[in-house]
Each structure stands twice: as structure tokens, then as C-alpha cells.
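Just so we're on the same page: letters track the sequence lines, and every chain starts at 1.
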Amino acid sequence: MNIRNVGLILNRELKSYVSSFTVYIVIIMFLLMTGYFFYNLTATFSIVSYQAQSDPMLAKQYQLLNINETVIRPLFGTIGIILLLMTPLLTMRLLAEEKKTGTIELLLTFPINDVDVVLGKYLACLVVVLTMILLTVTYSILLVTFGEPEVVPIGTGYLGLVLLGASAISLGLFTSSLTENQIVSASISFAMLFFFWLISYSAPLVSAGMGRFLSYLSINEHIESMSKGVVDSEDIIYYLCFIVLFLFLTLRSLETKRWR
Amino acid sequence: MIEVENLTKEYGEFRAVDNISFTVEKGEILGFLGPNGAGKTTVMRILTCFFPPTKGKAIVAGYNCFEDSLNVRRRIGYLPQRVPLYEDMKVNDYLRFVAAIKGAPAKEVNRKAAKVMDDCGLSDVSNKLISAISGGYRQRVGIAQALVNDPEVLILDEPTVGLDPKQIKEIRNLIKELAGRHTVILSTHILPEVSILCGRVIIINKGKVVAVDRPENLATESAQRMLLRINGNVQMIEQELSRVSGIQGVEREQASGDTNGFIVVLEDEKQGRQGIQAMIERNRFELVEMRTMEVSLEDIFIKLVTKEEA
């Protein structure tokens with residue numbers, strides 16, 4: 001690995017993102033969707049709080065009146081799912097486009113290692129996703145300004161989102177290395193990400209041990225505890241393994257391309 | 001500079017390159033000639049370390065393409081066939097990117113990019129997006145990116161395809177200037193290009209080497225032909241011509257007015273020429289034109305390729 005080469009690839013990919021139309025559409029859609037959910041959650045919260053003023057029974061339900069529980073946690077969950085919907089649109093072009101246009105032939109004959117190519121592209125996409133996540137900080141700023149939420153779960157929730165996004169990019173980069181068709185790449189990404197999202201649904205159907213295992217495999221379960229303010233090394237390790245595994249598979253996939 | 005030994009590449013069942021061996025000396029321009037699908041691109045992709053051969057080995061600038069790929073890649077400039085470039089970049093940004101990724105120090109990047117742009121006549125379009133420039137300029141950007149950082153070996157896959165005659169001439173001049181300092185392999189199916197540019201030609205067909213020689217030698221190998229235009233009685237001239245020694249055969253050729261055209265195939269060039277001269281003087285024919293006909297590489301090529309198939 002050569003840091004300079006990674007930087008060069010990263011820089012080029014970023015320029016390419018900035019000059020492409022897709023990125024802006026993706027960011028706008030992402031903000032529209034998350035903004036819509038943010039509005040709904042806060043609106044519901046304020047109505048419930050208002051009603052609790054005149055309804056003693058409602059006022060006893062502390063859970064409903066805790067902004068962390070009723071707004072922040074569901075918000076992070078939703079942002080996570082929207083991220084899973086959006087990242088394949090960002091990752092699909094990374095390698096598939098190079099294969100389609102043939103630029104991969106030059107890229108792989110430049111005197112750089114495949115690792116540099118993969119990491120450069122990965123980090124470029126990560127920068128875009130981080131930007132998207134950063135833009136949602138406005139929601140938290142609004143909540144902190146007008147409400148009194150606990151701040152720690154917000155911080156750890158963002159950590160969870162970043163790790164979730166980073167994992168989705170890793171998987172997307174891998175599917176982009178499999179094909180020269182961007183749509184095929186995005187489709188496979190969607191399918192795999194949804195598989196990792198929904199896998200915990202079958203947990204109740206199997207034995208307890210197996211169920212725990214399936215829940216552990218689920219990409220969304222781990223963000224759940226983080227948005228409660230709990231950072232478990234188990235969750236961090238899960239995401240890191242996920243990222244490394246798919247980066248490794250991407251490298252292997254590039255390598256087999258050379259052999260064919 | 002380049003050594004290729006028993007190179008074989010198979011795609012599944014299909015054998016694209018079949019046991020090819022050749023060497024290229026430093027400073028030489030080698031032409032790679034063959035019909036489409038002959039295996040030219042496959043050989044070049046092996047030499048540029050895009051993929052490894054199934055069997056055999058390739059050594060470029062002293063390094064094995066498979067085992068020491070990075071060292072080989074540092075020393076080559078490659079222009080792939082379809083000239084794949086990043087369409088969303090500006091010409092100078094792209095060349096700076098290539099210079100940097102080929103290892104030019106940060107301070108040198110701008111200077112090196114500016115130099116190749118100058119050499120390849122790209123200064124006018126340096127601020128345009130690659131998607132917006134014409135095919136001729138695209139091709140030049142392709143060559144410029146291969147040239148940046150002065151590689152020892154240049155591998156150009158059909159460098160003049162899709163250019164207009166003026167651009168073809170310019171690109172050829174550019175490549176000619178490279179000889180000596182760089183070792184160049186270029187593939188083409190345009191035959192005159194080879195005789196203009198290359199010191200040596202390798203003709204391949206269906207993955208096998210059919211012939212290796214200098215373009216002139218390939219031309220002289222086949223029989224010399226001469227065009228004659230003579231005024232006078234046709235039958236008589238033809239009769240007299242066929243009697244001249246050193247001539248293999250005589251063919252009639254279309255000519256205008258009183259002039260009769262003949263194509264003479266010479267067995268022995270000198271003897272035939274003298275014989276014809278003597279014959280004309282003896283018979284007092286009026287000689288209008290007499291010239292050796294260039295044997296085109298097309299003829300040789302078709303001959304070699306069809307011979308192989310027969």
C-alpha cells in the first residue's frame with residue numbers, strides 16, 4: 001500500500017463524484033427522505049407532549065415523553081435504512097464503469113498496487129457518505145436547541161451511522177467489481193444489503209443460539225444499541241469485519257479479472 | 001529490451017496466442033501486424049501486465065511481467081486500442097493525474113504534464129473536458145498519457161485508428177521521433193504505416209508468428225514487377241518481350257491511345273532490365289514509361305496469411 005497513490009485515486013474519484021449529476025440527486029433524495037421522517041417524528045412528539053399536559057395518564061408514560069426514545073432512536077434507525085437504500089447508487093459506478101469504458105485497462109497497468117485502487121475508491125465514496133451524514137447533523141442541532149435530549153446517544157448514534165455507511169460502501173464496491181453493468185451492481189448490492197438487514201427477522205423461528213447469531217449478522221441490529229448510547233466492542237468489531245471482508249473480496253475479484 | 005519466450009494465452013478453450021517468441025532491441029520500433037483477432041492486443045496486454053500468460057514468459061526492461069509486474073509497469077507507457085480515458089476530466093488534470101500516478105514527484109507533475117501536452121500538440125485543448133474534444137485530440141491525449149514520465153518502452157495498440165490523414169501524419173512523425181530514445185511496439189493493420197515507421201515487422205495470424213523481417217526485405221522477397229508503356233504494335237511487342245531473358249511473364253495492362261501497357265515479372269532484375277532496353281533499341285519501339293512497381297505490404301501480407309491457411 002502506498003498512501004500517495006491511495007490519495008491520488010481518492011482525489012480523482014472525488015472529482016468525478018463532484019462533476020457527476022448522480023451524487024447531487026442522491027444527496028437531495030437522502031435529505032428529503034430523512035427530513036420527512038425527522039419532521040414526522042418531532043411533530044408527533046410535540047403533539048404527544050402537548051396532550052400530556054392535560055392528560056395525567058399519558059404524562060405517566062415516561063417513555064413517550066423522552067425525546068431520546070421517541071425521536072432520536074427511531075430517527076437514527078430510519079437514517080440507517082435510507083443510507084442502505086442510497087449507497088448502492090453511489091458505489092455502483094466505482095469499478096463497473098471503469099470496466100465498461102475500458103479505463104480499467106490503463107488503471108491496472110499503471111505502476112500502482114490493486115490495494116491502492118480499491119482503498120482510494122472506497123475512501124472517495126466514504127467521503128461522500130460522510131458528507132451526507134454530516135448534513136443530517138442539522139436535525140440534531142435543532143433537537144438540542146429546542147429540546148433537552150441526552151447528547152451522548154446522539155454522538156454514538158452517529159458513530160453507528162458512519163460504520164453502517166462504511167459497511168454498505170464496502171459491499172457496494174465489491175458488487176461493482178463483479179460486473180461491468182452498473183444496474184446489475186446496484187441490484188446485487190440492494191439484495192445483499194436487504195438480506196443483511198432482514199436476516200434477524202428469522203431469528204424467532206430458529207433455536208435461541210442460532211437466533212442470536214442471525215441477529216448478530218444483521219447489519220441494523222448493531223446501530224440499535226448505539227443509538228441508545230451503548231457502544232459495545234461487539235458492534236464495532238462486527239462493522240469492521242464486514243468492511244474488511246468485502247474490501248478483501250473486492251481485491252480478490254480484481255485479481256481474478258487478471259487471470260481470465 | 002523486450003524478450004518474449006514461448007508465450008501462450010488461452011481464454012478457456014480458445015487459444016488467442018500460440019507459442020510466440022520474439023525479442024525487441026533497445027531503441028527499435030517493432031511493428032505488430034495482423035488481421036483483426038490475430039492476437040496482437042493479447043500480446044500487448046501481457047507485456048503491459050494487464051493479465052499473465054497461460055504459458056511462457058515475457059521480460060520487459062529486464063523484469064519479468066508476471067513476477068515483477070510493478071517494475072515493468074514503471075517502465076512502460078501503454079496506449080490501449082479504444083483509448084479509454086476518463087471523460088469527466090479536463091485534459092491537463094488527466095495528464096497531471098497520470099504523471100503523478102506514474103510516480104513523478106509532486107513538484108515535477110505540472111512540468112511533465114505541460115511537456116507532453118506541448119509535444120503532442122494539446123496546448124489548445126488543455127482546459128477542455130476529455131468528453132468534449134475531437135477524436136484526433138483524444139488519440140493524442142492517449143499517446144500523451146503513454147509518453148508522460150518518459151518510459152523506456154512504449155506499447156501502442158493501433159495508434160492511428162480513426163484519425164484524418166493530416167493527424168495520421170502528425171502522429172507518425174511523433175512516433176518516429178521517439179525511436180532511439182524509446183523502444184516502441186506498435187500494432188496496426190494499416191500496412192504502409194509499418195513500412196514508414198518500423199525497423200522490423202512481426203506478422204501474426206491466428207496467434208502464431210507468420211513472418212519476422214524488415215519491411216524492405218519482406219518486399220524484396222517476393223518477385224519484382226515492372227510497368228512498361230511502349231508505343232507500337234501490340235502483338236509484336238508482346239512477342240519480343242517474352243523472348244527477353246530474365247523475365248518470368250508478361251501481362252497486358254490497360255493504357256490509353258497508341259500506348260500499350262505491360263506488367264513484366266522479373267526473375268533477375270538486372271538481366272531483365274538490360275534485356276528490355278536492348279530489345280526496345282533493336283526494334284526501335286518508342287518507350288513511354290518504365291518503372292519498378294512497389295510491392296505493397298498488402299500483397300505480402302495476404303500471401304503470407306493465405307499461405308498459412310492453405
Side-chain angles (χ1 to χ4, degrees), chain A residues 1-24 90 93-121 123-124 128 177 180 182 251-260, chain B residues 9-12 41 44-54 60 63 65-66 68-90 93-94 96-106 109 129-131 141-142 145-146 148-149 151 153 155 157:
Chain A
M1 196 181 84
N2 179 320
I3 301 289
R4 179 170 183 251
N5 291 339
V6 174
L8 287 168
I9 300 281
L10 164 69
N11 192 13
R12 202 210 76 73
E13 288 297 327
L14 269 185
K15 276 186 190 153
S16 170
Y17 269 130
V18 169
S19 65
S20 90
F21 197 52
T22 332
V23 164
Y24 300 106
L90 295 172
R93 52 166 286 280
L94 284 173
L95 284 159
E97 191 182 35
E98 298 240 15
K99 281 200 248 173
K100 187 91 178 176
T101 58
T103 46
I104 194 128
E105 194 170 342
L106 274 178
L107 188 64
L108 295 186
T109 53
F110 287 146
I112 51 170
N113 284 312
D114 292 359
V115 184
D116 303 342
V117 173
V118 170
L119 281 181
K121 283 176 180 283
L123 293 175
V128 176
S177 77
E180 56 172 50
Q182 297 191 31
L251 261 179
R252 282 292 98 97
S253 158
L254 270 190
E255 221 161 77
T256 54
K257 282 285 162 324
R258 287 182 187 270
W259 283 98
R260 253 180 261 149
Chain B
K9 176 76 187 177
E10 285 161 359
Y11 300 107
T41 302
M44 293 192 152
R45 284 182 171 170
I46 294 170
L47 288 176
T48 54
C49 315
F50 183 58
F51 49 49
T54 313
V60 175
Y63 296 96
C65 284
F66 177 52
D68 228 342
S69 142
L70 274 185
N71 272 323
V72 172
R73 287 191 263 161
R74 268 183 209 117
R75 287 165 178 81
I76 54 168
Y78 178 36
L79 172 71
Q81 195 162 16
R82 287 186 298 155
V83 198
L85 304 169
Y86 293 116
E87 306 278 333
D88 53 8
M89 292 180 96
K90 285 179 179 168
D93 285 342
Y94 176 68
R96 281 209 298 263
F97 165 71
V98 177
I101 214 143
K102 285 189 175 178
V109 165
L129 283 176
I130 292 178
S131 57
V141 176
Q145 67 78 27
V148 81
N149 282 15
V153 177
I155 295 177
D157 203 349

K.L.:
Begin from the C-alpha positions of B:Tyr86 and A:Leu106 and carry the test side-chain contact (heavy atoms from CB on, under 4.5 Å) through to its verdict.
P.N.:
CA-CA 10 Å; B:Tyr86 293 116; A:Leu106 274 178; over 6 Å; no
K.L.:
Closest heavy-atom contact between B:Arg73 and A:Leu108?
P.N.:
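That would be NH1-O, 2.9 Å.
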K.L.:
Looking only at non-hydrogen atoms, find the nearest pair between A:Phe110 and B:Val98 and report the distance.
P.N.:
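That closest heavy-atom pairing would be CE2-CG1, 3.8 Å.
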K.L.:
If you round to the nearest 0.5 Å, how far is NZ of A:Lys15 from CE of B:Met89?
P.N.:
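So the gap between those two atoms works out to 5.5 Å.
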K.L.:
Taking everything shown except B:Lys90 itself, do over 12 heavy atoms lie less than 6.0 Å from its NZ?
P.N.:
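No.
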K.L.:
Is there side-chain contact between A:Leu8 and B:Arg96, with at least one heavy-atom pair below 4.5 Å?
P.N.:
no
K.L.:
To check you understand the geometry: which heavy-atom pair defines the closest contact between B:Pro105 and A:Arg4, and what is its length?
P.N.:
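Minimum heavy-atom separation between B:Pro105 and A:Arg4: C-NH2, 4.2 Å.
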K.L.:
Which region of A:Ser19, side chain (C-beta onward) or backbone (N, CA, C, O), has a non-hydrogen atom less than 4.5 Å from a non-hydrogen atom of chain B, or is it both or neither?
P.N.:
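The side chain, not the backbone.
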K.L.:
Looking at every non-hydrogen atom in both residues, tell me the closest pair between A:Ile112 and B:Ile101 and how far apart they are.
P.N.:
CG2-CG1, 3.7 Å
K.L.:
Can you tell me which portion of B:Arg74 sits under 4.5 Å from chain A's heavy atoms? Options are side chain, backbone, both or neither.
P.N.:
both
K.L.:
Once you round to the nearest 0.5 Å, how far does OG1 of A:Thr109 lie from NZ of B:Lys102?
P.N.:
7.5 Å
K.L.:
Taking every heavy-atom pair that is under 4.5 Å apart, which of B:Thr48, B:Leu129, B:Leu70, B:Val72 has the most such pairs with chain A?
P.N.:
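Heavy-atom pairs under 4.5 Å are most numerous for B:Leu70.
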K.L.:
Which atoms of B:Arg75 come close to chain A, meaning under 4.5 Å heavy atom to heavy atom: side chain ones, backbone ones, both, or neither?
P.N.:
neither
K.L.:
Under a 4.5 Å heavy-atom cut-off, does chain A meet the side chain of B:Gln145, its backbone, both or neither?
P.N.:
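Only the side chain of B:Gln145 comes within 4.5 Å of chain A.
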K.L.:
Taking side chain as everything from C-beta outward and backbone as N, CA, C, O, which of these in A:Glu98 sits under 4.5 Å from a heavy atom of chain B? Side chain, backbone, both or neither.
P.N.:
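Contact with chain B: side chain only.
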